[in-house]
Amino acid sequence: MKIATWNVNSLTARLQHVLDWLIANPVDVLCLQELKMSDDKFPLDVLKSAGYEAAVFGQKTYNGVAILSLAPMRDVARNIGGFTDDQSRVIAATVEAPAGPLRIVNGYFVNGQAPGTDKFEYKMGWLRALREWLHAEMAAHPNLVLLGDFNIAPEDRDSFDPVGLAETIHHTTEEREHFKALLQLGLVDSFRLFEQPEKSFSWWDYRMLGYQKNRGLRIDHILVSEPLVPRAKGCIIDRVPRKWEKPSDHAPVVLDLDQGV
DNA sequence: ATGACTGGTCGAACCAGA
């Protein structure tokens, strides 16, 4: 089965791209971020016609996340348990897969703007709360996938300019420590389980020909809990829709998960 | 050095993204 994540930068602007991409890539689960729409605007019907159930946690103008799934979902949870947040950034659901239930946790992590700002402090508090909540979530759900737009480039090789951008947003030691702390919970960065091209990125700035010059960052990730590691068959970044007209600035990331034995 | 693009909200220039 395949599980994907894609920050679409407005589902209103990108609905046709999502539908076109799903026809070419009929993944079992697609996690979306930055819907930029309230729940009542969510295109449930058209996605249903495409074969997908949806669990939605929208927000007007900013943020907003959703899980699309071919199989029914249950136990849908919104935002980080025990953490009060007026921004819609996390949705979780359990998907019944052939090899047993999978807990899907879809996050649109805080951007954080720049170290020293209020937004950066919000990012740090948010990441701390996420980790604490995930600790319990993983105990309850051994087969767990944490995926989405992390807004963290975990290592220097995940940035087009690690020296020039050292200790700037997405590259700070503090953010990277938070990423490592997620791994220490028992999660594995599935992309790095496999050999990958150098300069693999999932986001490119719209400005200054960012994509054409491959000036990007790898900030969209799919982490899997340890029991799922032997089932991971591949993880790729699909740059194709980034070349379409009026693209999202992010590309989808796709994990191929074996059915298991 | 700062700007650059893009989407949303408006109903003109913002904010926010990364």
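Labels below follow one simple rule: chain letters A, B, ... track the order of the sequence lines, proteins then strands, and each chain is numbered from 1.
- Electrostatic pairing of A:E96 and A:R74 counts as a salt bridge here, judged by a charged N lying under 4.0 Å from a carboxylate O.
- Distances shown here put a side-chain N or O of A:H250 below 4.0 Å from the OP1 or OP2 atom of B:dA18.
- A distance of about 30 Å separates the P atoms of B:dA1 and B:dA13, rounded to the whole Å.
- Using modelled atom types, no side-chain atom of A:Q113 and backbone atom of A:F120 make a donor-acceptor pair closer than 3.5 Å.
- Across the protein-nucleic acid pair, A:R215 atom CZ and B:dC5 atom C1' stand 14 Å apart, rounded to whole Å.
- Checking the phosphate oxygens (OP1, OP2) of B:dT9, a side-chain nitrogen or oxygen of A:K60 falls inside 4.0 Å.
- Residues from residues 111-130 of chain A lying near DNA chain B, meaning a heavy-atom separation below 4.0 Å, are A:N111, A:K119 in numerical order.
- Residue A:N151 has a polar side-chain atom (N or O) positioned under 4.0 Å from OP1 or OP2 of B:dA18.
- Following rounding to the nearest Å, A:Q59 (CD) and B:dA16 (P) show an atom-to-atom distance of 12 Å.
- What separates CD of A:Q212 from C1' of B:dA4 is a distance of 13 Å, to the nearest Å.
- Between A:K36 and B:dT6 there is no side-chain polar atom (N or O) within less than 4.0 angstrom of OP1 or OP2.
- In the set B:dA18, B:dA4, B:dG7, the nucleotide with an atom closest to the side chain of A:M208 is B:dA4.
- Spacing of P atoms, B:dG3 relative to B:dA16, comes out at 16 Å, to the nearest Å.
- Spacing between B:dC10 and B:dC14 at atom C1', rounded to whole Å, works out to 9 Å.
- Spacing between atom CZ of A:R14 and atom P of B:dG7 amounts to 5 Å, rounded to whole angstrom units.
- Phosphate proximity of B:dA18 to A:N7: present, with a side-chain N or O under 4.0 Å from OP1 or OP2.
- A:N9 has its CG atom 12 Å from the P atom of B:dT9, to the nearest Å.
- Taking 4.0 Å as the cut-off between side-chain N and carboxylate O, A:R78 and A:D39 do not count as a salt-bridged pair.
- Side chain of A:N151 to backbone of A:F109: a donor-acceptor contact under 3.5 angstrom is found.
- A:Y62 has its OH atom 12 Å from the C1' atom of B:dC10, to the nearest Å.
- Nucleotides B:dA12 and B:dG8 have their C1' atoms positioned 14 Å apart, rounded to a whole Å.
- Side chains of A:H171 and A:S159: a donor-acceptor N/O pair is present below 3.5 angstrom, by distance only.
- Closest to the A:R89 side chain, of the nucleotides B:dG7, B:dG17, B:dC10, is B:dG17.
- Rounded to whole Å, atom C1' of B:dA16 lies 19 Å from atom CZ of A:F109.
- When the P atom is used for both B:dT2 and B:dT6, the distance is 23 Å, rounded to whole Å.
- For an aromatic pair to be called close, the ring centres must be under 6.0 Å apart, and A:W21 with A:W244 fails this.
- A:T12 comes within contact range of the sugar-phosphate backbone alone, with a heavy-atom separation under 4.0 Å but no base atom that close.
- Using a 4.0 Å cut-off, some side-chain N or O of A:Y108 falls inside it from OP1 or OP2 of B:dA18.
- In this structure, A:D149 atom CG and B:dA16 atom C1' are separated by 13 Å, rounded to whole Å.
- Tested against A:D156 for a salt bridge (Lys or Arg N to Asp or Glu O under 4.0 Å), the candidates A:R218, A:K199, A:R176 yield a single pass: A:R176.
- Atom CZ of A:R215 has 12 or fewer neighbouring heavy atoms from other residues, nucleotides or ligands inside a 6.0 Å radius.
- Smallest separation of non-hydrogen atoms from A:V27 and A:Y52: O-OH, 2.6 Å.
- With B:dA4, B:dG7, B:dT6 as the choices, the nucleotide that has an atom nearest any side-chain atom of A:Y206 turns out to be B:dT6.
- Contacts of A:D220 with the nucleic acid, taken as non-hydrogen atoms under 4.0 Å apart, are absent.
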